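Down below is the structure, laid out as structure tokens.
None of the values given here were measured: they were computed from a predicted structure. Just follow the structure's listing: the first ligand is 1, and inside any ligand the first atom is 1.
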Amino acid sequence: MPFRIYNTMSRSKEELLPIDGEHVRMYTCGPTVYNYAHIGNFRAYIFEDLLRRYIKFCGFKVTQVQNLTDVDDKTIRSSIEQGLPLKEYTKTYIDAFFADLAKLNIEPAEYYPAATDYIPEMIAIIETLFEKGYAYQSEDGSVYYSIDKFTEYGKLARLDRKGMRPGARVEQDEYDKDNAADFALWKAYVLEDGDVVWDSPWGRGRPGWHIECSAMSMKLLGESFDIHTGGVDNIFPHHEDEIAQSEAATGKPYSKYWMHCGYLVVDGKKMSKSLGNFHTLREVLDMGYTGREVRYELLSGHYRQSLNFAFKSLDANRTALKRLDEFSTNIKEAVGSETEADDLPEWAAKTRSKFAEAMDDDMNISGAMAAIFDTVHAGNKAMSKTLLSGGQAVAISNLWKELDAVLGILEAPAEEASVEVTELLEARAIARAEKNWPESDRIRDRLAGLGWTVKDTPEGPKLRRL
Ligand code: AMP
Ligand code: ZN
């Protein structure tokens with residue numbers, strides 16, 4: 001079965017056929033590094049991670065670019081408020097972003113370009129847009145893109161061109177569909193920009209937000225590439241404007257497929273900085289949840305549907321992850337000293353095809369997880385009757401590794417304790433409080449069997465890898 005993905009451009013599912021037949025080049029709009037990313041942002045990055053992992057599972061090569069927006073209205077405003085140079089200010093959040101990606105087991109992209117390193121490329125595109133008649137300079141020195149000149153303007157967001165007001169301009173990077181207007185390619189210097197300024201053929205200033213992604217994507221992936229992704233809020237104006245700039249400049253199609261994820265919502269409202277209804281990943285981790293639990297949550301709904309965030313579903317995930325951990329432990333025990341894989345037992349033989357069939361359908365994650373849990377259920381039953389040979393267990397272990405290369409949640413990361421381990425730790429604390437030393441010793445041995453030791457510190461018991 002081919003991998004079919006929903007293309008926002010055609011509003012339909014299409015087979016993923018990379019332009020060169022074998023290598024998928026994808027661009028994902030990255031964080032604006034003016035603050036810590038919130039878990040709504042990470043919903044988008046986890047959707048993109050699942051996508052890149054599944055593309056690889058399908059046998060294609062992937063080159064993914066995720067940009068860092070380190071210069072725009074928000075980063076400049078915040079760095080000036082903090083009295084820090086822009087680069088120094090954004091570095092804190094760039095470092096935090098990479099640490100958060102690791103916590104969520106998000107595979108690194110091949111490139112993480114920062115906008116401030118691509119100013120000459122942005123200027124070159126704007127020069128071409130001038131030559132071709134799509135750009136003009138306004139009285140205040142800023143350069144704008146004339147949406148009227150690009151007859152296909154509005155094709156991604158499906159805008160009604162009749163309602164547009166020719167010549168109207170919008171200065172801010174973010175605006176809504178009702179205010180579709182000529183947007184800024186280059187913003188003339190104003191005092192509020194502090195020392196954030198570059199020379200250009202149109203005078204001193206800085207780039208608009210949209211041109212940044214056109215420059216970084218085309219420089220690193222070529223003028224035409226395969227997939228461009230983001231959250232649905234990126235469709236307009238950001239992606240519409242990227243298409244207008246890029247296709248007008250090159251005369252070639254920009255991205256072949258456009259994929260957008262739905263929002264992470266809280267009580268029906270998009271999680272966002274502006275509404276104040278957000279949680280950063282570090283806040284959630286400080287509350288005692290693990291990166292794996294958060295990943296499971298953000299992965300668990302279909303990427304195009306909105307996903308409601310509530311702590312009680314994070315709690316509920318512990319049960320599901322515990323079942324996965326118990327299954328993995330049982331399989332490891334069944335492997336014993338066997339190294340050669342045998343054929344998969346009957347109850348596992350269809351798992352891979354069921355998983356792939358669901359994922360091929362625009363990443364139907366519920367179907368894919370159902371294939372996983374059906375196997376866990378059948379496997380536990382078979383193992384309780386000791387019906388599994390060492391060789392079959394090796395085969396299952398290999399299958400699990402292959403599927404976890406896509407999901408990234410089947411195995412607890414080496415440095416992160418599984419649910420079973422944290423529960424044993426709690427049981428040990430109870431046994432010790434009750435002075436039940438034999439029970440406490442039994443739990444210590446069980447933990448050692450799972451690769452952990454406990455150190456009692458003034459802050460309470462701490463787990464360490466053996
Ligand atoms: P920003 O830093 O605001 O440019 O957002 C970075 C990425 O996060 C973009 O792809 C947004 O579409 C995405 N995003 C922001 N808020 C949410 C949310 N609540 N749910 C899902 N994706 C989001
Ligand atoms: Zn972008």
Side-chain angles (χ1 to χ4, degrees), residues 8 26-51 64-75 78 90 93-94 96-97 100-101 104 106 109 111-115 118 122 156-157 172-174 183 207-221 225 227-246 254-255 258-281 294 297-310:
T8 308
M26 65 186 259
Y27 186 86
T28 59
C29 284
T32 307
V33 283
Y34 74 112
N35 209 325
Y36 296 108
H38 58 69
I39 54 174
N41 300 129
F42 285 110
R43 179 174 197 212
Y45 309 143
I46 282 188
F47 138 64
E48 288 146 355
D49 183 51
L50 183 68
L51 177 63
Q64 182 187 6
V65 176
Q66 179 168 38
N67 74 292
L68 305 166
T69 302
D70 65 345
V71 54
D72 79 324
D73 298 349
K74 290 187 279 199
T75 43
S78 308
T90 55
Y93 301 108
I94 292 174
F97 172 65
D100 288 355
L101 289 184
L104 291 173
I106 292 177
Y111 298 95
Y112 289 103
Y118 289 77
M122 297 171 203
L156 182 69
Q172 299 88 347
D173 287 329
E174 289 176 81
F183 57 91
W209 172 37
H210 314 296
I211 195 72
E212 297 182 3
C213 283
S214 287
M216 291 182 272
S217 60
M218 293 199 288
K219 172 78 179 186
L220 294 165
L221 296 173
F225 54 89
I227 309 181
H228 199 312
T229 65
V232 281
D233 54 339
N234 287 151
I235 298 175
F236 189 87
H238 188 47
H239 290 166
E240 193 69 58
D241 292 352
E242 274 190 56
I243 294 171
Q245 300 160 153
S246 312
Y254 180 47
S255 178
W258 290 85
M259 294 178 75
H260 296 98
C261 73
Y263 292 138
L264 185 68
V265 299
V266 183
D267 299 329
K269 294 206 182 73
K270 177 192 175 191
M271 181 179 283
S272 69
K273 298 252 165 71
S274 53
L275 289 177
N277 60 350
F278 67 94
H279 297 283
T280 61
L281 179 64
V294 179
E297 179 62 20
L298 297 179
L299 204 64
S300 61
H302 190 274
Y303 78 88
R304 282 197 288 125
Q305 257 136 41
S306 45
L307 179 71
N308 191 55
F309 177 76

Practice prompt. Report the nearest protein non-hydrogen atom to atom 20 (N) of ligand 1: residue, atom name, distance rounded to 0.1 Å.
Written response: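 Answer for atom 20 (N) of ligand 1: L264 N, 2.8 Å.
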
Worksheet item: For atom 10 (O) of ligand 1, what is the nearest protein heavy atom, given as residue, atom name and distance?
Response: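 The closest heavy atom on the protein side is N234 OD1, 3.0 Å.
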
To check you understand the geometry: which heavy-atom pair defines the closest contact between [X] and [Y], and what is its length?
{"X": "M271", "Y": "H38", "value": "O-CE1, 3.4 Å"}
{"X": "N277", "Y": "V266", "value": "O-CG2, 3.6 Å"}
{"X": "G301", "Y": "R43", "value": "O-NH2, 3.8 Å"}

Worksheet item: Under 3.5 Å, side chain of Q245 to main-chain N/O of H210, donor-acceptor pair present?
Response: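 A pair under 3.5 Å: yes.
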
In ligand 1, which numbered atoms sit nearer than 4.0 Å to a non-hydrogen atom of [X]?
{"X": "Y263", "value": "18 (C), 20 (N), 21 (C)"}
{"X": "M271", "value": "16 (N), 18 (C), 19 (N)"}
{"X": "H38", "value": "16 (N)"}

Nearest option to [atom], as decided by whichever heavy atom of [options] sits closest:
{"atom": "atom 18 (C) of ligand 1", "options": "G231, C261, G230, G40", "result": "G40"}
{"atom": "atom 6 (C) of ligand 1", "options": "W209, F42, Y45", "result": "Y45"}
{"atom": "atom 5 (O) of ligand 1", "options": "N41, N35, D72", "result": "N41"}
{"atom": "atom 11 (C) of ligand 1", "options": "L68, L307, D233", "result": "D233"}

Do any N/O atoms on [X] end up under 3.5 angstrom from N/O atoms on ligand 1?
{"X": "E48", "answer": "no"}
{"X": "R43", "answer": "no"}
{"X": "A44", "answer": "no"}

Fill in: Contact partition for T32 relative to ligand 1, non-hydrogen atoms under 4.0 Å
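T32 to ligand 1: contacts from backbone and side chain alike.
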
Worksheet item: Taking non-hydrogen atoms only, is K273 closer than 4.0 angstrom to ligand 1 via side chain, backbone, both or neither?
Response: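 It is neither; nothing of K273 touches ligand 1.
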
Practice prompt. Measure the acute angle between the ring planes of H260 and H239, then classify it against the limits of 30° and 60° as parallel, tilted or perpendicular.
Written response: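 It falls in the tilted class, 30° to 60°.
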
Item to complete: Name the orientation class of the two ring planes belonging to Y112 and F97 (parallel below 30°, tilted from 30 to 60°, perpendicular beyond 60°).
Response: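 Judged by the thresholds at 30° and 60°, the geometry between Y112 and F97 is perpendicular.
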
Discussion item. Suppose the cut-off is 2.8 Å; which protein N/O/S atoms would you list for the Zn ion (ligand 2)?
Written reply: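 The answer, once waters are left aside, is C29 SG, C213 SG, H238 NE2.
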
Item to complete: Measure the shortest side-chain to side-chain distance between S306 and K270 over non-hydrogen atoms and say whether it is less than 4.5 angstrom.
Response: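 No, their side chains stay 4.5 Å or more apart.
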
Worksheet item: Is the closest side-chain donor-acceptor distance between N67 and T69 under 3.5 Å?
Response: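 Present: a donor and an acceptor within the cut-off.
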
Discussion item. If we count only N and O atoms by modelled type, under 3.5 Å, do the side chains of Y93 and T75 hold a donor and an acceptor together?
Written reply: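 The criterion, which ignores hydrogens and geometry beyond distance, is not satisfied for T75 and Y93.
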
Item to complete: Identify which one of T32, D241, D72 satisfies the side-chain contact (heavy atoms from CB on, under 4.5 Å) criterion when paired with D173.
Response: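 For D173, the side-chain contact (heavy atoms from CB on, under 4.5 Å) test succeeds with only one of T32, D241, D72, which is D72.
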
Fill in: Name of the residue among M26, M259, E242 meeting side-chain contact (heavy atoms from CB on, under 4.5 Å) with H228
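Of the listed options, the one satisfying the test is E242.
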
Fill in: Spacing of N41 atom CG and I46 atom CD1 [to the nearest 0.5 Å]
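The CG atom of N41 sits 11.5 Å away from the CD1 atom of I46.
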
Discussion item. Measuring from atom CZ of F309 to atom NE2 of H279, what distance do you get when rounded to the nearest 0.5 angstrom?
Written reply: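 Here the interatomic distance stands at 5.5 Å.
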
Worksheet entry | Sub-4.0 Å heavy-atom contact, G262 with ligand 1 |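 G262 counts as a contact of ligand 1 under the 4.0 Å cut-off.
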
